[in-house]
Amino acid sequence: MISYKDEDVYDKRPETPPEESCCGSGCNPCILDIHQKLLKQWEERRKNNVIIEPMRNLISPTSFNPFIVSDTYKASQDYIFIRLEYKESNIDNDKSLHLVPGQHIILRSNSMSKAYTPISWSNKNLLLLVKVYPTGKFSQLLNNAKKNDEFEIRGPYGDFRYKYNSFQEIIMFCIGSGITAVYSLAKIIVENEIEETRISFIAGFRSILCVPLKKELQYLSDYWNFVCTLHISENLISVTKIFMVLILKMGV
């Protein structure tokens, strides 16, 4: 909600995080950089007498909030799903989880942190698709996580905002775990009844066994405006790697 008023009754100055909030591990974005960005936006609004009533979000771009693991399960050979739920049981009725498709969060446990793009969320939990690397410390931590294990989240980050019916056709390219950045956006476009935008979704994976979200992509392929092509790179010929193209519209 944005309005123009004489008195600033809603919009409060972003709280300055302490210097020790920066972990020094090169997070992108750094919590101190985010604060400077929010402060600049706030000062611009005050200068122009613009009042914005902030959403009551369960996560914050300048502070970590506790979440617990509510479920984990296999997505494919190299991927897992992990669902994280807001830890506090008492939540104000006007407070919930707010994200925009394509935005990412920072997930932290002890001294380690990593950015992930949620593929779905509800009022107090979010679902991550995580690629598990054999030598990846954080992905192995998530792979071995148990129910009720605690993690911390801050965010969301990302300024991209999609406006419906902005284009006649959108071509989305992704490789491997990059699918998380485009899947949720494709889903909101395809499921919107007033959308006339066509989506050409092109994804590449090492093996058909490594493809996550197969059921989800098949579901979207039932819509008239979504076509998905999977490029699978496998050593099918002894000296040459070729691409095997699977068109989900054909029922593969």
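- For Asp159, the side chain to side chain donor-acceptor pair (under 3.5 Å) partners are Lys37, not counting sequence neighbours.
- Asn125 and Arg83 form a side-chain donor-acceptor contact under 3.5 Å, judged by distance and modelled atom types alone.
- In this structure, NZ on Lys147 lies 9.0 Å from CD on Glu85, to the nearest 0.5 angstrom.
- Residue Leu107 holds its CG atom at 6.0 Å from CG of Leu142, rounded to the nearest 0.5 Å.
- The neighbour count for Ile175 CD1, taken as heavy atoms of other residues, nucleotides or ligands under 6.0 Å away, does not exceed 12.
- Applying the side chain to side chain contact (heavy atoms under 4.5 Å, CB included) rule to Glu150 yields the partners Pro66, Ile68, Lys87; only residues at least two apart in sequence or on another chain are considered.
- Asp78 places no side-chain N or O within 3.5 Å of a backbone atom of Val132 that could act as its donor or acceptor partner.
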Steps toward side chain to side chain contact (heavy atoms under 4.5 Å, CB included) verdict (Glu169, Ser200): CA-CA 8 Å; Glu169 182 176 10; Ser200 294; 2.8 Å; yes
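- With contacts defined as side-chain heavy-atom distances shorter than 4.5 Å, the pair Phe201/Val227 does not qualify.
- The shortest side-chain heavy-atom distance between Lys187 and Ile119 does not fall under the 4.5 Å cut-off.
- Tyr223 and Glu195 form no side-chain donor-acceptor contact under 3.5 Å, judged by distance and modelled atom types alone.
- Among all heavy-atom pairs drawn from Leu97 and Ser122, the shortest one is CB-O, 3.3 Å.
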Audit row: Ile179, Leu217, side chain to side chain contact (heavy atoms under 4.5 Å, CB included) steps and yes/no: CA-CA 11 Å; Ile179 193 172; Leu217 293 174; 4.2 Å; yes
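- Evaluation of the side chain to side chain contact (heavy atoms under 4.5 Å, CB included) rule for Gln103 yields Leu99, Val100, Pro156, Arg161 as partners, not counting sequence neighbours.
- Residues meeting the side chain to side chain donor-acceptor pair (under 3.5 Å) test with Ser109, sequence neighbours left out: none.
- In this structure, the side chains of Ile170 and Tyr162 come closer than 4.5 Å at one or more pairs of heavy atoms.
- Pairing each heavy atom of Ser184 with each of Thr180, the nearest pair is OG-O, 4.4 Å.
- For residues 126-140, the set of pairs meeting the side-chain hydrogen bond (donor to acceptor under 3.5 Å, both in side chains) definition, not counting sequence neighbours, is empty.
- With hydrogens and angles ignored, the 3.5 Å screen pairs a side-chain donor or acceptor of Thr197 with a backbone N or O of Phe167.
- Scanning all heavy atoms of the two residues, the minimum distance from Ala186 to Ile199 falls at CB-CG2, 4.4 Å.
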Pair Ser70, Leu84 - check side chain to side chain contact (heavy atoms under 4.5 Å, CB included), show working. CA-CA 6 Å; Ser70 62; Leu84 298 164; over 6 Å; no
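- Annotation for Leu128 and Pro118: closest pair CD2-CA, 3.7 Å, computed over non-hydrogen atoms.
- Remark: Phe67 engages Tyr86 in a ring pair (Phe, Tyr, Trp, His ring centres under 6.0 Å) (not counting sequence neighbours).
- Here the straight-line distance linking atom CD1 of Ile105 with atom OG of Ser113 works out to 10.5 Å at 0.5 Å rounding.
- In the displayed structure, Asn110 atom CG is contacted under 6.0 Å by at most 12 heavy atoms of other residues, nucleotides or ligands.
- With sequence neighbours excluded, no residue forms a side chain to side chain donor-acceptor pair (under 3.5 Å) with Gln168.
- Partners of Phe160 by ring pair (Phe, Tyr, Trp, His ring centres under 6.0 Å), not counting sequence neighbours: none found.
- Put simply, the side chain of Val211 reaches to within 4.5 Å of the side chain of Ile232, judged on heavy atoms.
- A 6.0 Å sphere centred on CD of Glu196 holds no more than 12 heavy atoms belonging to other residues, nucleotides or ligands.
- Annotation for Leu220 and Phe226: closest pair O-CB, 3.3 Å, computed over non-hydrogen atoms.
- Remark: Glu152 engages Arg108 in a side chain to side chain donor-acceptor pair (under 3.5 Å) (not counting sequence neighbours).
- No side-chain donor-acceptor contact under 3.5 Å links Tyr164 to the backbone of Asn192.
- In this structure, CG in Leu129 is found 10.0 Å from OG in Ser120, a value given to the nearest 0.5 Å.
- Partners of Ala181 by side chain to side chain contact (heavy atoms under 4.5 Å, CB included), not counting sequence neighbours: none found.
- Shown here are the side chain to side chain contact (heavy atoms under 4.5 Å, CB included) partners of Phe173, two or more places apart in sequence or in another chain: Ile171, Ile202.
- In this structure, the side chains of Phe64 and Ile106 come closer than 4.5 Å at one or more pairs of heavy atoms.
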Please lay out, stage by stage, how Thr72 and Phe81 fare under the test side chain to side chain contact (heavy atoms under 4.5 Å, CB included). CA-CA 6 Å; Thr72 61; Phe81 289 115; over 6 Å; no
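- How far CG of Asn143 is from CZ of Phe138: 12.5 Å, rounded to the nearest 0.5 Å.
- What you find for Tyr157 and Pro61 is that their closest heavy atoms are OH-O, 2.6 Å.
- Between atom CG of residue Leu58 and atom CD1 of residue Ile153 there is a gap of 10.0 Å, rounded to the nearest 0.5 Å.
- Not counting sequence neighbours, Phe205 has no partner by the ring pair (Phe, Tyr, Trp, His ring centres under 6.0 Å) test.
- Side-chain atoms of Tyr183 and Cys174, non-hydrogen and from C-beta on, never get closer than 4.5 Å to each other.
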